[in-house]
Amino acid sequence: VRYGAVTAVNGVSFTIRRGEHLTLLGPSGCGKTTTLRAVAGLESPSGGVIAIDGTPVYSSARRINVPTEHRGISMVFQSYAIWPHMTVFENVAYGLRVRKRSNEDIARNVDRALALVHMTQYAKRPSSDLSGGQQQRVALARAIAFDPEVILFDEPLSNLDAKLRVEMRVEIRELQRHLGITSIYVTHDQEEALAISDRVVVMRNGEIEQLGTPDDIYNRPRSRFVADFVGAANLLEGEVSGTENGVTFTTQGLSLEAFAPYGIKSKTATAAIRTAYVEVAPVGASPRHANIVKGRVRQKMFHGDFIQYVIDWPAGTLIVRRPPTEVFDEGTEILVCFDAVHCIILSS
């Protein structure tokens with residue numbers, strides 16, 4: 001997708017399986033929303049093919065560009081797009097009326113959709129009297145009422161408070177699984193993407209950085225960008241050697257056992273160590289880990305669900321997040337421990 005001389009989406013290609021919930025994740029301006037809008041027919045691509053269930057809805061070579069309303073797609077927006085002058089029932093019924101369904105069919109499908117999002121009791125209420133979370137549920141009900149082939153979610157939870165976002169992401173995931181609808185979800189929230197997706201597409205500068213399951217993206221990041229953007233990681237520069245049977249990463253004179261899921265491409269490399277996978281033990285303990293290094297707690301910060309430590313160790317500074325049940329005071333000498341599989345050699 002191009003806007004004059006600017007390429008907003010550059011050679012993005014992926015396939016979504018039937019019934020799969022795939023998330024486009026990335027920072028602002030990476031092209032994720034433009035990609036979603038192209039699938040919806042709200043943007044005109046400069047080239048390529050978009051097919052739904054094997055049927056092209058856009059093809060530059062064949063000059064096909066099916067209008068949005070004929071693509072069998074439903075969309076849930078960040079702004080809810082609820083009509084305040086209509087009741088909840090009428091909002092949900094709108095798409096069905098446009099499709100000229102019978103009154104009986106409309107009533108049946110609206111009742112079913114409202115029941116699925118737990119809004120049946122609000123059917124006659126003016127939409128202007130609803131909270132943000134309730135309006136988003138109405139938007140969901142409207143999206144599923146006419147049984148679309150695909151649902152597109154454009155950052156649907158970003159306007160909600162943190163607690164409600166967590167509740168709604170659970171509901172969206174359960175609803176998607178219950179209905180078995182194929183869906184694409186756009187967000188810049190990496191925690192949200194990891195929690196609700198079957199697979200995640202990490203985008204940067206209009207291109208795909210990595211595509212994989214949430215476990216792949218978090219535990220086997222391919223690039224420095226993915227390791228840094230998704231989750232919290234310590235990034236170390238150094239030299240790598242070895243084979244599939246044993247990889248050694250050396251940084252500032254410290255040698256660590258590491259894991260290279262994408263092979264070793266050069267002598268110099270970057271290693272990523274997730275903050276959550278580093279354990280801290282008292283000096284004198286006998287932890288069972290491939291890498292055990294002495295360090296000292298420089299700073300301790302309480303975050304509620306975890307304690308974040310800034311630790312001085314031979315390779316400089318290491319950030320570690322541990323449960324609040326494991327407390328080490330500032331200035332304490334400790335052991336930093338982690339396995340080779342958690343010292344990931346990045347491919348770029």
Side-chain angles (χ1 to χ4, degrees), residues 1-3 5-54 56-61 71 73 75 78 150-156 158 176 182-233 235 260-263 265-266 269-270 272 274 344-348:
V1 181
R2 295 187 181 92
Y3 303 110
V6 177
T7 301
V9 177
N10 187 20
V12 165
S13 182
F14 54 85
T15 299
I16 305 171
R17 305 178 186 113
R18 186 182 300 277
E20 183 177 33
H21 187 78
L22 182 136
T23 295
L24 304 179
L25 171 68
S28 297
C30 73
K32 58 187 185 295
T33 294
T34 303
T35 301
L36 189 81
R37 288 174 61 84
V39 174
L42 300 175
E43 295 283 351
S44 295
S46 306
V49 176
I50 300 169
I52 299 175
D53 199 18
V57 294
Y58 172 82
S59 172
S60 57
R71 293 193 179 193
I73 281 176
M75 196 159 181
Q78 176 180 345
V150 178
I151 294 184
L152 308 178
F153 296 90
D154 186 12
E155 304 208 39
S158 58
Q176 189 270 336
T182 307
S183 53
I184 309 176
Y185 192 101
V186 161
T187 184
H188 63 271
D189 186 327
Q190 38 102 353
E191 182 180 318
E192 191 168 287
L194 296 176
I196 68 173
S197 308
D198 293 312
R199 287 189 300 155
V200 178
V201 176
V202 182
M203 294 185 65
R204 179 192 186 197
N205 296 332
E207 299 180 350
I208 293 177
E209 278 279 315
Q210 187 170 349
L211 190 161
T213 65
D215 181 71
D216 288 333
I217 298 296
Y218 188 82
N219 290 316
R220 290 170 290 280
R222 185 177 289 275
S223 67
R224 185 185 184 97
F225 174 80
V226 174
D228 193 41
F229 183 75
V230 182
L235 299 175
Y262 307 106
K265 297 183 178 179
S266 66
T270 301
R274 291 287 183 200
I344 303 294
I345 306 301
L346 307 176
S347 66
S348 61

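Bear in mind that the values here come from a model prediction, so they are computed numbers and not experimental data. The first residue in the sequence is number 1, and the count goes up from there.
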**Request:** Hey, could you give me the CD/OG1 distance between Gln78 and Thr33, rounded to the nearest 0.5 Å?
**Result:** 8.0 Å
**Message:** Enumerate the ring-ring contact (aromatic ring centres under 6.0 Å, His included) contacts for residues 192-217, please, sequence neighbours excluded, ordered by first and then second residue.
**Reply:** none
Using atom types as modelled, flag every donor-acceptor pair under 3.5 Å from a side chain in residues 38-46 to any protein atom, sequence neighbours excluded.
unit_1 : atom_1 : unit_2 : atom_2 : d
Glu43  : OE1    : Tyr3   : OH     : 3.1
Glu43  : OE2    : Tyr3   : OH     : 3.4
Glu43  : OE2    : Arg37  : NE     : 3.1
Ser46  : OG     : Arg2   : N      : 3.0

**Request:** Quick one: pull up OH in Tyr185 and CG in Leu152 and give me the separation to the nearest 0.5 Å.
**Result:** 13.0 Å
**Message:** Could you measure the distance from the OG1 atom of Thr35 to the CD1 atom of Ile208? Nearest 0.5 Å is fine.
**Reply:** 8.0 Å
**Prompt:** For Asp216, which residues count as a side-chain contact (heavy atoms from CB on, under 4.5 Å) partner, sequence neighbours excluded?
**Reply:** Thr213, Arg220
**Message:** So, using side-chain hydrogen bond (donor to acceptor under 3.5 Å, both in side chains) as the criterion, who are the partners of Thr182 when residues are at least two apart?
**Reply:** none
Report, one line per pair, each donor and acceptor closer than 3.5 Å where one atom sits in a side chain of residues 6-19; sequence neighbours left out.
unit_1 : atom_1 : unit_2 : atom_2 : d
Asn10  : ND2    : Glu207 : OE2    : 2.9
Arg17  : NH1    : Glu20  : OE2    : 3.2
Arg18  : NH2    : Asp53  : OD1    : 2.8

**Message:** For Tyr58, give me all partners under ring pair (Phe, Tyr, Trp, His ring centres under 6.0 Å), at least two apart in sequence or on another chain.
**Reply:** none
**Message:** Less than 4.5 Å apart, side chain to side chain, heavy atoms only: is that true for His188 and Ser28?
**Reply:** no
**Pairs touching residues 182-196 that satisfy salt bridge (Lys or Arg N to Asp or Glu O under 4.0 Å), sequence neighbours left out** = Arg169-Glu191
**Prompt:** Are Met75 and Leu36 close enough that some pair of their side-chain heavy atoms sits under 4.5 Å apart?
**Reply:** yes
**Asked** Any donor and acceptor pair, going by atom type alone, linking the side chain of Gln190 with main-chain N or O of Gly231 inside 3.5 Å?
**Response** yes
**Prompt:** Which pair of non-hydrogen atoms, one from Leu211 and one from Ile217, has the smallest distance, and what is that distance?
**Reply:** C-CD1, 4.3 Å
**Request:** Output the distance between atom CD (Gln210) and atom OG (Ser347), rounded to the nearest 0.5 Å.
**Result:** 8.0 Å
**Message:** Ser183: which residues meet the side-chain hydrogen bond (donor to acceptor under 3.5 Å, both in side chains) condition with it, sequence neighbours left out?
**Reply:** His21
**Item:** Side-chain donor/acceptor of Arg274 to backbone N/O of Tyr218, under 3.5 Å
**Value:** yes
**For Arg204, all residues meeting side-chain contact (heavy atoms from CB on, under 4.5 Å), sequence neighbours excluded** = Glu209, Phe225
**Prompt:** Is a side-chain N or O of Lys32 found less than 3.5 angstrom from the main chain of Gly26, in a donor-acceptor match?
**Reply:** yes
**Distance (rounded to the nearest 0.5 Å) between Thr187 OG1 and Ile196 CD1** = 7.5 Å
**Request:** List in chain and number order the residues that pass salt bridge (charged side-chain N to carboxylate O under 4.0 Å, His left out) with Asp198, two or more places apart in sequence or in another chain; answer none if no residue qualifies.
**Result:** Arg173
**Message:** Ignoring hydrogens, what is the shortest heavy-atom contact between Val200 and Ala193? Give both atom names and the distance.
**Reply:** CG2-O, 3.9 Å
**Message:** Suppose we screen for side-chain contact (heavy atoms from CB on, under 4.5 Å). Which residues come up paired with Ala232, at least two apart in sequence or across chains?
**Reply:** Thr275, Arg321
**Fill in**
So OG of Ser197 and CD1 of Ile184: to nearest 0.5 Å the spacing works out to 12.0 Å
**Item:** Ala227: side-chain contact (heavy atoms from CB on, under 4.5 Å) partners, not counting sequence neighbours
**Value:** Pro221, Leu235, Ala272, Leu346
